[in-house]
Amino acid sequence: MKKPTRVTHPKPVKLRDGNDPVVTPVHRTVKFTYPTIADSLTAEAKEHGFDYTRDSNPTTRELELTAAELQDRDDAIATGSGMAAIWLALLGNLSAGDRVVVFVESYRPNRVAVRRFLPKLGVKFTMLSVHDLPAIERAFAEDDTKLVLFEAPTNPMLQVPDLEAIVALAQRHDVVTVLDNTFAGLHNHGRFGVDYFVHSMTKYVNGHGDAMGGIVIGDKKRIKAIKPLAVNMGTVLDPGVAFLIARGLKTYYLRYERHSANALAIAQLLAERKEVAKVFYPGLPSDLARALARKQMTDFGGVVTFDLAADKARTWAFVDALELFTTTASLGSTDSLVAPVQLYLGTDLSAEEQARAQIKECTVRLAVGIEHIDDLVADIEQALRKTFG
């Protein structure tokens, strides 16, 4: 073989049977093949084989199956971002003329998807409060309502919906339930009869702020139904990114436990400060959602939202005064982050809608990291002193 040919067709190195790598390798290939065409057409090849990475890839598939098991389901589709996962769940279950129920307390890009873009495809929407169960039931009873998109807890105000009640109403009226479970994580809410769980794996699943991905999780029948759309849309997660997310997932439970412990301590601190008007965190005994959250979740997550006793200028000054909390719109990283809620997460809402969602110009969201709690507390205290004197 001539050398110009050899560089394109290198000598293969194959592992012996049983001589397996300890860490899953990155299958950095677009294409797969078989010794013969007949081999590629067997039932085993069609069911479990690989052909083209846009369809499936071994590295990505391992991540999908692991995440599905953690969520108490048996199948999943990994996507290039959390919003790609949201869109896959929506488009895979909707047609022109259908109606979606969404909530004012939702994550801003989720609201934008439903209110701005779905109507261009002939899909209608109804926006309610996630706590208004009578209105939810009336909306579900409408013949054209086909799907509900909701979160638990909600982003950014940490409202806790009654999952059991909403799922029961949806099942009664044959409405597909899509739950953005990013805040609660892969280990919460699996016992509820949700049809599709969606996660931004960019957040807690990866956990290090260096890889973007999403995932739709459900039972095999439901995932199989939307898989052709995923393949055709090209929502595939790159196998190199899948490897990074899978590596981050190995420390998921350790990180989530630390996130939650730090967040609870900070929520308790803020609740005692005169500069703080209100704290939203379901782990606090004073939070109205605590009883429901304890019933539904094993822990309360790493996000704390609160209202300062301040105007917008002083609120922004407080955010700027923080040193360990980086100002950016994300969460679930090892490092702590902060966001002024109205500016970063509420600009699509009218003043009346912001009031319904409890978003004010003084509202701040902390995405608490895994640093030492003493350092985080000291940073918050110095920022409060600097801002309020």
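From a predicted model like this one, the values you see are computed outputs, not experimental measurements.
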Among Leu349, Leu128, Thr154, find the one that has a side chain to side chain contact (heavy atoms under 4.5 Å, CB included) with Val104.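 Of Leu349, Leu128, Thr154, side chain to side chain contact (heavy atoms under 4.5 Å, CB included) with Val104 is met by Leu349 alone.
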
What donor-acceptor contacts under 3.5 angstrom involve side-chain atoms of residues 223-233, with partners at least two apart or in another chain?
| unit_1 | atom_1 | unit_2 | atom_2 | d |
| --- | --- | --- | --- | --- |
| Lys227 | NZ | Asp55 | O | 2.7 |

[X] side chain to [Y] main-chain N or O, any donor-acceptor pair under 3.5 Å?
| X | Y | answer |
| --- | --- | --- |
| Gln71 | Ala68 | no |
| Asp379 | Asp375 | no |
| Arg116 | Asp348 | no |
| Thr251 | Leu254 | no |
| Ser333 | Asp335 | no |
| Thr59 | Pro25 | yes |
| Ser260 | Gly301 | yes |
| Gln354 | Gln342 | no |
| His259 | Val368 | yes |

Distance-only donor-acceptor check, side chains [X] and [Y], under 3.5 Å:
| X | Y | value |
| --- | --- | --- |
| Glu142 | His173 | no |
| Asn188 | Thr298 | yes |
| Asn181 | His189 | yes |

Run the side chain to side chain donor-acceptor pair (under 3.5 Å) test against Tyr252 and tell me which residues pass, sequence neighbours left out.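 Partners of Tyr252 under the side chain to side chain donor-acceptor pair (under 3.5 Å) test: His187.
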
Compare all side-chain heavy atoms of [X] with those of [Y] and state whether any distance is below 4.5 angstrom.
| X | Y | result |
| --- | --- | --- |
| Tyr196 | Val176 | yes |
| Met157 | Arg365 | no |
| Thr305 | Val364 | no |
| Phe183 | Asn155 | yes |
| Asp307 | Phe280 | yes |
| Glu105 | His131 | yes |
| Val101 | Thr145 | yes |
| Tyr107 | Thr182 | no |

Given the rule in the side chain to side chain contact (heavy atoms under 4.5 Å, CB included) test, do Leu41 and Lys46 qualify, once you have shown the distances and angles that lead to the verdict? CA-CA 7 Å; Leu41 299 177; Lys46 289 182 175 296; 4.2 Å; yes

[X]/[Y] ion pair, N-O < 4.0 Å:
| X | Y | result |
| --- | --- | --- |
| Arg385 | Glu275 | no |
| Asp287 | Lys278 | no |
| Glu164 | Lys295 | yes |

Which pairs pass salt bridge (charged side-chain N to carboxylate O under 4.0 Å, His left out) with one or both residues in residues 76-102, sequence neighbours excluded?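 For residues 76-102, and leaving out neighbouring residues, the salt bridge (charged side-chain N to carboxylate O under 4.0 Å, His left out) pairs sorted by first residue read Arg99-Asp144.
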
What salt bridge (charged side-chain N to carboxylate O under 4.0 Å, His left out) pairs are there with at least one residue in residues 60-71, not counting sequence neighbours?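 Those involving residues 60-71 are Arg61-Glu64, Arg61-Asp75.
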
Roughly how far, to the nearest 0.5 Å, is the OG atom of Ser106 from the CE atom of Met127?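 Rounded to the nearest 0.5 Å, the CE-OG separation comes out at 8.0 Å.
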
Value rounded to 0.5 Å, distance of CG in Asn262 from CD in Glu371: 7.5 Å

Run the salt bridge (charged side-chain N to carboxylate O under 4.0 Å, His left out) test against Glu361 and tell me which residues pass, sequence neighbours left out.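 Result, salt bridge (charged side-chain N to carboxylate O under 4.0 Å, His left out) vs Glu361: none returned.
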
Neighbour count above 12 (heavy atom, 6.0 Å) for Leu15 CG: yes

Check this for me: Asn19, atom CG, are more than 12 non-hydrogen atoms of other residues, nucleotides or ligands nearer than 6.0 Å? yes

Sequence neighbours excluded and cut-off under 3.5 Å, please list the side-chain donor-acceptor pairs for residues 201-221, or say none.
| unit_1 | atom_1 | unit_2 | atom_2 | d |
| --- | --- | --- | --- | --- |
| Thr202 | OG1 | Ser200 | OG | 3.4 |
| Thr202 | OG1 | Gly213 | N | 3.1 |
| Thr202 | OG1 | Gly213 | O | 3.3 |
| Lys203 | NZ | Ser200 | OG | 3.1 |
| Tyr204 | OH | Gly302 | N | 3.2 |
| Asn206 | ND2 | Asp210 | OD1 | 3.1 |
| His208 | ND1 | Asn206 | O | 2.9 |
| Asp219 | OD1 | Lys221 | N | 3.2 |
| Asp219 | OD1 | Arg222 | N | 2.8 |

